[in-house]
> 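Below you will find the structure I want to go over with you.
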Amino acid sequence: MENIMKRMKRWAQAHSNELALAAAAVVIIAMLIDWAYAESAATMAFALVAGIEGGEHVVNGPLTTDVVHQSSSDYLLSEIDKQITRIRPMATPVDQLSRLAGSKRSGSMVVDYYNVDTKPTSTTLKTAVQGPSGSFADESNVRAPFHTNNDAIFDVSDTILVQGVKGYDGTRESKFDLVLYVVSKSEDGTMNVMAVNGKTVGDMESCIPDIAEGTVLIRMGRAATELDVQTPQFEALPQRARQYCQIFKAQVEQSVLHKMANKEIGWTLNDQGEAAIYDMRLGMEKCFLFGSKRKIYDPVKREYVYFTGGIWNQAGKEFAYESGAFTEETIVDLMREAFTGNAGSKRKVLIGGSGFIGRLNKLTYSKVVNAGESVVKWGIDFSELRSKFGTLYVLLSEVFDECGMENDAMIIDPEYLQKYSHLPFGTEALNLKASGQRNTDAIVLTEASCLVLRYPKAHMRVVMA
């Protein structure tokens with residue numbers, strides 16, 4: 001055994017160079033194998049396989065942010081989307097409301113949407129109705145033709161409240177208003193009605209008394225008989241409206257030398273971007289409120305430019321107040337108009353100029369209308385104004401002052417404020433150095449969007465007469 005070990009030692013000394021080369025080769029081969037395996041594993045970790053219906057699947061690896069960004073469905077929010085909701089939200093309340101309420105994706109710069117209005121509930125009498133004369137009455141006083149200024153809102157079996165005209169309890173006038181019943185309706189729209197609580201004249205019961213022209217008629221519920229299975233149909237047709245998305249842009253640049261220079265303060269490209277976002281949001285706020293919906297051709301750029309329409313012009317109601325008679329009664333009337341007749345929410349937002357907000361602050365409130373404490377909604381600090389009709393979240397908007405409307409305001413129902421985005425808010429880095437234009441770092445902020453009021457009558461303009 002000892003002789004064998006001696007012979008192996010002499011052979012290794014004689015072939016030392018060959019052994020060293022072989023060892024090095026083994027090490028290199030092992031390194032190449034490890035590197036190839038790592039590369040293969042990394043490649044497989046980011047592999048995306050198309051699904052049957054056009055989706056994508058990750059194979060041989062975990063789901064990471066890099067995989068999501070490389071896929072066609074990049075659903076991760078970028079920091080700019082979160083940052084924009086934090087940059088002075090009280091200065092742009094309409095833009096803030098629309099962002100936090102969520103926007104719908106629009107596949108076009110032109111947005112078509114539908115509104116469903118409510119059927120009118122009242123009208124006025126077009127032709128006066130003559131009641132019985134003296135103690136004599138006939139069939140024409142029991143079942144009489146009826147002509148209103150809007151016959152279309154009534155149908156067979158409807159009941160009608162005649163405002164201001166008293167009904168009867170037999171021959172005596174009661175303290176309750178007269179109620180009519182629609183018996184039939186001819187092809188030309190003429191209705192035949194009967195009185196539910198009419199007057200008894202001689203042998204004729206339920207006679208219709210005198211009703212003057214212009215009397216307010218209120219449509220109430222339908223009354224069916226025991227054998228009625230069907231009733232006249234009710235149809236509501238959505239009305240199509242159109243809005244344009246506007247492309248909003250802002251560009252921020254910083255020269256390379258400015259970036260490299262020593263500075264007393266840490267003013268970077270990100271700081272410039274934050275200031276640009278604020279200025280951009282202020283401009284968007286004005287367009288969203290008071291913009292004019294148009295599409296014009298730019299002869300210099302040889303392209304069409306889309307301008308979005310403001311929600312100020314979309315509101316379906318308007319309330320005018322007298323400057324010299326702004327009292328608590330005015331606020332009661334304002335809130336009555338804002339919260340009734342539209343089936344909207346009982347909590348709405350009021351934004352107004354400094355003149356209007358100043359008038360609100362000068363009032364002395366009672367138990368009828370009272371000013372509550374501050375409340376934070378949608379990232380905005382509102383003042384609360386409560387009444388029996390509903391609650392208003394009040395906020396000063398300097399945009400009204402800047403647009404010369406400091407004495408005006410707008411009441412918005414957030415439930416029916418909808419934003420459409422053709423291009424969601426995002427940033428894009430421009431490589432101006434590579435294109436030979438400027439030695440700067442540049443970022444462009446872009447959004448193509450618009451706002452619509454889905455139910456116009458739930459929103460109201462407030463103007464000074």
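Count residues from 1 along the sequence.
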> Inspect the surroundings of OH in Tyr297 and state if more than 12 heavy atoms from other residues, nucleotides or ligands are less than 6.0 Å away.
yes

> Taking atom types as modelled, is there a side-chain donor on Lys126 or Thr148 under 3.5 Å from an acceptor on the other?
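No.
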
> Looking at Phe339, does the NZ or CZ of Lys348 lie under 6.0 angstrom from its six-membered ring centre and within 45 degrees of the ring axis?
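Yes, Lys348 sits over the ring of Phe339.
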
> Once you round to the nearest 0.5 Å, how far does OG1 of Thr446 lie from CD1 of Ile247?
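Separation between the atoms: 8.5 Å.
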
> Using a 4.5 Å cut-off on heavy atoms from C-beta on, say whether the side chain of Val183 contacts that of Tyr181.
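Heavy-atom side-chain distance check passes, below 4.5 Å.
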
> Measure the acute angle between the ring planes of Phe382 and Tyr393, then classify it against the limits of 30° and 60° as parallel, tilted or perpendicular.
tilted

> Can you give me the closest heavy-atom contact between Val349 and Pro414, atom names plus distance?
CG2-CG, 3.9 Å

> Side-chain contact test, heavy atoms from C-beta onward, threshold under 4.5 Å: evaluate it for Ile357 versus Val394 and give yes or no.
yes

> Is the backbone of Val94 close enough, under 3.5 Å, to the side chain of Glu285 for a donor and an acceptor to pair up by distance?
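Yes.
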
> Given side chain to side chain contact (heavy atoms under 4.5 Å, CB included), test Leu217 with Ser122 step by step and report yes or no.
CA-CA 5 Å; Leu217 307 171; Ser122 64; over 6 Å; no

> Is it true that Glu384 and Arg347 make a salt bridge, defined as a side-chain N closer than 4.0 Å to a carboxylate O?
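Counted as a salt bridge, because a side-chain N and a carboxylate O are separated by less than 4.0 Å.
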
> So do Phe326 and Leu360 actually touch side chain to side chain, heavy atoms under 4.5 Å?
yes

> Look at the side chain of Gln314 and the backbone N and O of Leu453, then say whether any donor-acceptor pair between them is shorter than 3.5 Å.
yes

> To check you understand the geometry: which heavy-atom pair defines the closest contact between Ala195 and Leu180, and what is its length?
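Smallest interatomic distance, heavy atoms only, reads CA-CD2, 3.9 Å.
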
> Taking all non-hydrogen atoms of both residues, which atom of Ser108 and which atom of Ser106 are closest, and how far apart?
O-OG, 2.6 Å

> Could you check if a side-chain atom of Thr308 sits within less than 4.5 angstrom of a side-chain atom of Gln243, using non-hydrogen atoms only?
yes

> Got Asn192 and Lys185 here, is their nearest side-chain heavy-atom distance under 4.5 Å?
no

> Would you find more than 12 non-hydrogen atoms of other residues, nucleotides or ligands less than 6.0 Å from Glu173 atom CD?
yes

> With rounding to the nearest 0.5 Å, note down the distance linking OG in Ser387 to CD in Glu328.
10.0 Å

> To check you understand the geometry: which heavy-atom pair defines the closest contact between Phe356 and Leu334, and what is its length?
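Answer, listing the atom of Phe356 first, then Leu334: CZ-CD1, 4.0 Å.
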
> Atom CD of residue position Glu329 - does it have more than 12 heavy atoms of other residues, nucleotides or ligands inside 6.0 Å?
no

> Would you sort out whether Phe425 and Phe248 count as a ring-ring contact (aromatic ring centres under 6.0 Å, His included), showing the intermediate values?
CA-CA 9 Å; Phe425 196 97; Phe248 303 96; 9.7 Å; no

> Would you sort out whether Phe288 and Ile311 count as a side chain to side chain contact (heavy atoms under 4.5 Å, CB included), showing the intermediate values?
CA-CA 6 Å; Phe288 287 154; Ile311 61 175; 5.8 Å; no

> Judged by atom type as modelled, is there a donor-acceptor pair below 3.5 Å linking the side chain of Lys199 to the main-chain atoms of Pro132?
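Checked: no pair found.
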
> So which heavy atom on Asp381 is nearest to which on Leu395, and how close?
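Result for this residue pair: O-CD1, 3.7 Å.
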
> I'd like to know if the side chain of Asp413 and the backbone of Ser345 have a donor-acceptor N/O pair within less than 3.5 Å.
yes

> Could you give all pairs that pass the salt bridge (Lys or Arg N to Asp or Glu O under 4.0 Å) test and reach residues 353-366, with sequence neighbours left out?
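Checked against salt bridge (Lys or Arg N to Asp or Glu O under 4.0 Å) - neighbours excluded - no pair reaches residues 353-366.
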
> To check you understand the geometry: which heavy-atom pair defines the closest contact between Leu125 and His147, and what is its length?
CD1-O, 3.3 Å

> Would you say that Cys403 contacts Lys286 through its side chain, given a criterion of any heavy-atom pair below 4.5 Å between the two side chains?
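Sidechains of Lys286 and Cys403: in contact.
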
> Could you tell me the separation between the CE atom of Met405 and the OG atom of Ser397, rounded to the nearest 0.5 Å?
10.5 Å

> Side chains of Pro209 and Leu178: closer than 4.5 Å at any heavy-atom pair?
yes

> Any donor and acceptor pair, going by atom type alone, linking the side chain of Gln246 with main-chain N or O of Ala448 inside 3.5 Å?
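No; judged by distance alone, with no hydrogens or angles, the pair does not exist.
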
> Taking atom types as modelled, is there a side-chain donor on Ser449 or Glu447 under 3.5 Å from an acceptor on the other?
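Per modelled atom types, Ser449 and Glu447 side chains form a pair under 3.5 Å.
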
> Look at the side chain of Lys317 and the backbone N and O of Glu337, then say whether any donor-acceptor pair between them is shorter than 3.5 Å.
yes

> Taking side chain as C-beta onward, heavy atoms only, is Asp298 less than 4.5 Å from Arg302?
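Result no, sub-4.5 Å side-chain heavy-atom pair not found.
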
> Evaluate the side chain to side chain contact (heavy atoms under 4.5 Å, CB included) criterion for residues Val305 and Lys295: first the C-alpha distance (whole Å), next the side-chain angles of each, then the deciding distance (0.1 Å), finally the verdict.
CA-CA 6 Å; Val305 186; Lys295 174 186 173 183; over 6 Å; no

> Is there a donor-acceptor pair closer than 3.5 Å between any side-chain N or O of Arg454 and the backbone N or O of Leu417?
no

> Measuring from Tyr244:OH to His422:NE2, what's the distance to the nearest 0.5 Å?
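One gets 14.0 Å once the value is rounded to the nearest 0.5 Å.
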
> Could you tell me whether the side chains of Asn149 and Thr123 share a donor-acceptor contact shorter than 3.5 Å?
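No, no side-chain donor-acceptor contact under 3.5 Å.
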
> Drop me the distance from Asp210's CG to Thr215's OG1, to the nearest 0.5 angstrom.
10.0 Å

> How far does NZ of Lys293 sit from SG of Cys287, to the nearest 0.5 angstrom?
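Between Lys293 NZ and Cys287 SG, I get 15.0 Å after rounding to 0.5 Å.
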
> Counting distance only, does the side-chain N/O of His459 pair as donor-acceptor with the main-chain N or O of Ile412 below 3.5 Å?
no

> Strictly distance-based, threshold 3.5 Å: is any side-chain N or O of Asp158 a donor or acceptor partner for the main-chain N or O of Val182?
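No: the side chain of Asp158 does not pair with the backbone of Val182.
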
> As a quick check of understanding, evaluate side chain to side chain contact (heavy atoms under 4.5 Å, CB included) for Val444 and Lys249, giving each step before the final call.
CA-CA 7 Å; Val444 174; Lys249 279 184 174 291; 3.8 Å; yes

> Using a cut-off of 6.0 Å, state whether more than 12 heavy atoms not belonging to Glu205 lie near its atom CD.
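12 or below, so no.
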
> Can you list the residues that meet the ring-ring contact (aromatic ring centres under 6.0 Å, His included) rule with Phe290, with sequence neighbours excluded?
Trp312, Phe400

> Does a side chain donor of either Asp333 or Thr330 reach within less than 3.5 Å of an acceptor in the other side chain?
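Looking only at side-chain atoms, Thr330 and Asp333 do not form any donor-acceptor pair under 3.5 Å.
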
> For atom CG of Leu423, is the number of surrounding heavy atoms from other residues, nucleotides or ligands below 6.0 Å larger than 12?
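Enclosed: over 12 neighbouring heavy atoms sit under 6.0 Å from CG of Leu423.
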
> List the atom pairs, with distances to 0.1 Å, where a side-chain N or O of residues 160-172 and a protein N or O form a donor-acceptor pair under 3.5 Å, not counting sequence neighbours.
{"unit_1": "Lys166", "atom_1": "NZ", "unit_2": "Lys175", "atom_2": "O", "d": "3.4"}

> Determine yes or no for a side-chain-to-main-chain donor-acceptor pair under 3.5 angstrom, with Thr92 supplying the side chain and Gln96 the backbone.
no

